Chemist: 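Below is the structure I would like to discuss, written out as structure tokens.
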Amino acid sequence: MVVGIDLGSRTIKVAAVEGGRLVALQIAESGYDPHRQSLEMIKEYHPARIIATGYGRHLAKRHFADEVITEIKAHALGARHFFPECRTIVDVGGQDTKVIALDESGRVLNFQMNDKCAAGTGRFLEIMASSLGYGLSEFGAEALNGKGDVRISNMCTVFAESEVISLKNHGTLPADIARAVHLSVIERLIAMLARVGYGDTIVFTGGVAKNPAAVNLLQERLDIRILVPEPPDIVGALGAALHGEANSASGITSAGG
Amino acid sequence: MSPTQFEIKSYPDMWESLGMNVERFEKMRCVLGDVYQTTFLAQEDRPQRMDYFNWIISEIHGGRIREILDAKKEGRPVVGTFCVYVPEELVLAANGICIGLCGGSQGPVPDAEKTLPRNICPMVKSAYGFKVAKVCPYFQSVDFVYGETTCDAKKKTWELLNREVPTYVMEIPQMKRERDKTLWLEEVQDFKAQMENVTGKTITTEAVTGAIKTMNNKRKALQRLNRLQHHNPSPISGKDVLLIEQIAFYDDPVRFAEKVNLLCDELDERVKKGISVAPSTAPRVLISGTPMAMPNWKAHNLVEKAGGVVVNDESCIGTRYFKDLMDENMTDLDSQLRALTDRYMKIDCSCFTPNDDRVDQVLKEYSDSGAQGILHYSLQFCHTYNIEAIKIKEACEKEGIPFLAIESDYSPEDIGQMQTRIEAFLEQIKGLRK
């Protein structure tokens, strides 16, 4: 058994694989001590190897992981496991948004990541939800009920929050504001997709892919098929585990991937 | 490597006499020393003749400043510049010292932001901050600054900088038509007149010939280093080459060329013996874009920490500074000034439109250096390089060259994100090789 662990900014994901099959998975909040949290999560497995990815990958390498790969490579491997033909991946996590283009054999051709602020990420949606008084899961559901073309033009999280507050005080319906917030994230994503290029289907991963409004709006705006793995936030951890299994078979153990 | 802690030498009395903020500068000196230790001295299998450059860094705020102050006592002019368009040959011909002033550190940025807008290039903010905070001994030693109009942030900041130190501005045309070259020639003539004004002596043909030779020798030495850097496996790290390229802007040009050539002799030996700083399988990266002023070592450091090796710098700190040489056999001043104009017009800075020569140059250096990917590095708010990156990217797509564009400033806060991008880029290069 090989374990892949994805130490993200908001959650830690663990995937265990055996013979190329996902046999166990766990998802938990990162908390204040991601190192301890990770150990807690992996203690029930006795893997031959542990491969870390995500924001905390180097922390994991210092303490318990055998090897690290980047989120880009991990998502490429994980997404192809669910959808073997996949050529374009969109991943929206807590802190990062990325778009990855693959060639037909699954090699990374090109990728884009968001700038250094939280705009267009899961964290952005979370802050806007709380500003409107929604829990994260009802936020997406409520946005589906929204209508119209109210726009949030500011992508800076701080300014966008003031914009949301001013819309509220103008009497705009919360559902319409919720839709506007989602639209602003999706439009930013589409600009990144345009830079990288995309085919006729897109695999949507990361925590934000659980949000029905985000998926619907992306599909609606691009008018192409959006595929969401289940669960969408395990893809990075799974990719890390698959990398570990493939490379232990050929005996490769390089630090950079 | 010596086990003793590296130290940048302290000269508080000299700094005091230069009107510096000594207490604050003392702290910056210690930080720089620590960073230098971990970034450079901790490298394995470093060429031995990097010792000279270690020494230069240890004397960066002392020994070299002393030399400059001694030269000033002899009446030699000291000119500060911020751009490779300002013809160094004319400073040398006037028996002057040309110092490429830096602005590569986050430290004085908050000082600049007390006056300047926040959303302009970090290099301009850093440079201006160094002057107003009085924490750069070079800035305190120059007789005047010769600025230029390459970008909006610079040309407007010179107006403010002129309140702190005499600042002359050379107009750099933004296109390369005949009439632009005429303007540029007049600007070069004005620069010569300014140097003559300061010294009270006429610049002679012989003096310009001597200066051309000195600069050619310095540029040839850097070209030689650049060719050795291309060797696979690399006999020297990209970080060390960057450091030498940065030192080129303030060291004595004759001594510098001699020391670079001595280092190159050692590198030739290393190539023969197969001694390298990275295995031949390490991903080879060409870095292109905005210049990296000392101590901006961020991108090179991240690439090499992740197991890659930087094999070429296509920037004003790199090849753009030394790729073009000059004829040493001209017999009249008029031809020399024209030749200077032509030589400097070949520099392919993104402030020009169009600037497609640069795209070809990047591709040429990519193939010459045996690189396997191009990392385009642009400082934040450097609009011309940021936009021009699109053309480089398109050219790379056409040629099937892995390409990554990064926009960054001097603050450490985006290091985590840059590291992820750079590691993923190296994975991409390795993946495509299979």
Side-chain angles (χ1 to χ4, degrees), chain A residues 6-9 52-59 61 67-77 80 89 91 93 95-103 105-118 121 156 192 194-197 236 239-240 243 246-247 250 252 254-257, chain B residues 118-119 122 278-279 281-283 285 298 302-309 373-376 378 380-381 386-387 389-390 393-394 396-434:
Chain A
D6 178 357
L7 293 95
S9 63
T53 187
Y55 200 68
R57 64 190 181 282
H58 291 292
L59 172 83
K61 177 88 197 300
E67 190 185 336
V68 295
I69 63 172
T70 67
E71 298 91 297
I72 306 290
K73 186 170 183 172
H75 277 83
L77 293 167
R80 293 285 278 207
I89 303 159
D91 176 73
Q95 183 174 274
D96 276 326
T97 297
K98 40 193 167 284
V99 173
I100 308 164
L102 308 177
D103 69 6
S105 61
R107 298 183 303 184
V108 175
L109 277 182
N110 196 358
F111 63 90
Q112 279 261 319
M113 290 174 77
N114 62 310
D115 299 331
K116 61 184 184 183
C117 70
T121 67
C156 167
M192 281 173 77
R195 280 167 187 247
V196 173
H243 168 84
N247 282 9
S250 62
I252 300 166
S254 74
Chain B
R118 297 192 67 204
N119 55 348
T281 51
V285 177
K298 207 170 173 181
L302 287 172
V303 168
E304 300 198 331
K305 220 170 92 182
V309 55
I374 294 178
L375 172 63
H376 194 279
S378 180
Q380 263 190 337
F381 309 112
N386 247 328
I387 295 173
I390 299 165
K393 175 182 173 237
E394 288 167 354
C396 286
E397 280 168 359
K398 215 170 129 203
E399 303 285 326
I401 299 170
F403 176 87
L404 173 70
I406 279 183
E407 188 184 345
S408 179
D409 60 13
Y410 300 149
S411 68
E413 67 193 50
D414 65 346
I415 282 182
Q417 279 154 318
M418 263 178 82
Q419 189 181 9
T420 301
R421 285 165 171 76
I422 287 173
E423 285 179 14
F425 186 54
L426 300 186
E427 284 173 350
Q428 181 189 342
I429 291 172
K430 286 199 244 174
L432 292 173
R433 274 201 307 228
K434 279 176 196 161

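Order of the sequence lines fixes the chain letters, A, B, ..., with proteins taken first and strands second; residue numbering starts at 1 for each chain. Just so you know, these numbers come straight off a predicted model, no measurement behind them.
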Chemist: Test of understanding: with side chain to side chain contact (heavy atoms under 4.5 Å, CB included), list the residues that count as partners of L77(A), not counting sequence neighbours.
Modeler: I69(A), K73(A), H243(A)

Chemist: Non-hydrogen atoms of chain A under 4.5 Å away: do they reach the side chain of L404(B), the backbone, both or neither?
Modeler: side chain

Chemist: Does any backbone or side-chain atom of E397(B) lie under 4.5 Å from a heavy atom of chain A? Answer side chain, backbone, both or neither.
Modeler: side chain

Chemist: Would you say the side chain of R107(A) lies within less than 4.5 Å of the side chain of Q428(B), judging by non-hydrogen atoms?
Modeler: no

Chemist: The criterion is side chain to side chain contact (heavy atoms under 4.5 Å, CB included); which residues satisfy it with Y55(A), sequence neighbours excluded?
Modeler: Q95(A)

Chemist: Please classify the contact of L109(A) with chain B as side chain, backbone, both or neither, using a heavy-atom distance under 4.5 Å.
Modeler: both

Chemist: Heavy-atom count check: over 12 atoms from other residues, nucleotides or ligands less than 6.0 Å from R195(A) CZ?
Modeler: no

Chemist: Quick one: OG1 on T70(A) to CD on Q419(B), what's the gap to the nearest 0.5 Å?
Modeler: 10.5 Å

Chemist: Could you look at L432(B) and say if it's the side chain, the backbone, both or neither that has a heavy atom under 4.5 Å from chain A?
Modeler: both

Chemist: Report yes if the side chains of I72(A) and R421(B) come closer than 4.5 Å at any heavy-atom pair, otherwise no.
Modeler: no

Chemist: Decide yes or no for R57(A) and T420(B): does some side-chain heavy atom of the first lie under 4.5 Å from some side-chain heavy atom of the second?
Modeler: yes

